[in-house]
Amino acid sequence: MAGRTIRVYTDYRSPYAYLADADIQALAGKHDVVLDWYPYILPIEQYLGTEDNRSGHQWRRIKYAYRDARRLAEEQGLTLYGAKRIFDGYYSSAGLLHAKQNGFFPAYHALVFSRFFKRDLVIDDLAQMAEAVEQAGGSAAGYSAFAEGEGREAVRTVVAEAEELGVFGVPMLVYNDELFWGRERIAMLERRLQEA
């Protein structure tokens, strides 16, 4: 059935969202669906603490998650370096909305994920993000105006709507009001698409 839409929530800081990206993109071709992308800014400090107050348990989880993510990245031939600090997700999220509105989302999406995990892009630096937008085919000035203006409310609204739907992590795919979290649930979503 043509015209079915899957709402996809992502956060460019998430290694697991990055590693699921190819499988998510493949859904569009395999099942004749439209992927409608939105940002979700993970509240990292709420569940993993801040760098100066993490428990031993939190540090073990973080170290394991990055080791695990690197193994998965190697299987896909991707480069994935660990984070040196907690980055603010706002500017990359505003960029996602701006890129969708202005017709260069695919190039923006691929560039930001790839460069961020190679540690070649600081996504909470406005100037670097404006340059990335320009490299992806958008206007640096247009993006900067959006990010420092109406983008703040737009991102807040999208994140609030996501949480009303039940979104708590990324990647999160929403199809027919059902949530599918993580790469591991994509096969389950595919079964729903086939059943429909």
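Scope of the values below: all heavy atoms of this structure, side chains included, with no hydrogens, waters or symmetry mates.
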Query raised in the report: Relative to F87, does R85 satisfy both conditions: NZ or CZ under 6.0 angstrom from the six-membered ring centre, and within 45 degrees of the ring's axis?
Result: yes

**Report entry** Pair Y40, E163: side-chain N/O donor-acceptor within cut-off below 3.5 Å
**Finding:** yes

Query raised in the report: For Y16 and D68, does a side-chain donor sit closer than 3.5 Å to a side-chain acceptor?
Result: yes

Query - Heavy-atom pair with the smallest gap, counting every atom of V122 and M129 - result: O-CG, 4.2 Å

Report summary line: Residues A140 and A130: closest non-hydrogen pair is CB-O, 3.4 Å

Donor-acceptor check, side chain of [X] to backbone of [Y], threshold 3.5 angstrom: yes or no?
| X | Y | result |
| --- | --- | --- |
| K100 | W37 | yes |
| R7 | Y38 | no |
| D88 | Y90 | yes |
| R4 | V33 | no |

Query raised in the report: Taking atom NE2 of H98 and atom OH of Y91, what is their separation to the nearest 0.5 Å?
Result: 14.0 Å

Query - OH-CG distance between Y175 and L35, expressed to the nearest 0.5 angstrom - result: 12.5 Å

Beyond-backbone contact of [X] with [Y], side-chain heavy atoms, under 4.5 angstrom:
| X | Y | value |
| --- | --- | --- |
| E178 | L189 | no |
| I123 | Q128 | no |
| L96 | F105 | yes |
| R185 | L173 | no |

Query raised in the report: Is F117 reachable from Y81 through a run of hydrophobic residues whose side-chain heavy atoms are each under 4.5 Å from the next?
Result: no

Query raised in the report: If you group Ile, Leu, Val, Met, Phe, Trp and Tyr by side-chain heavy-atom gaps below 4.5 Å, do I6 and M188 land in one group?
Result: yes

Requested in this report: Kindly assign one of parallel, tilted or perpendicular to the pair Y18 and F113, based on the angle between their ring planes and the thresholds 30° and 60°.
Outcome: tilted

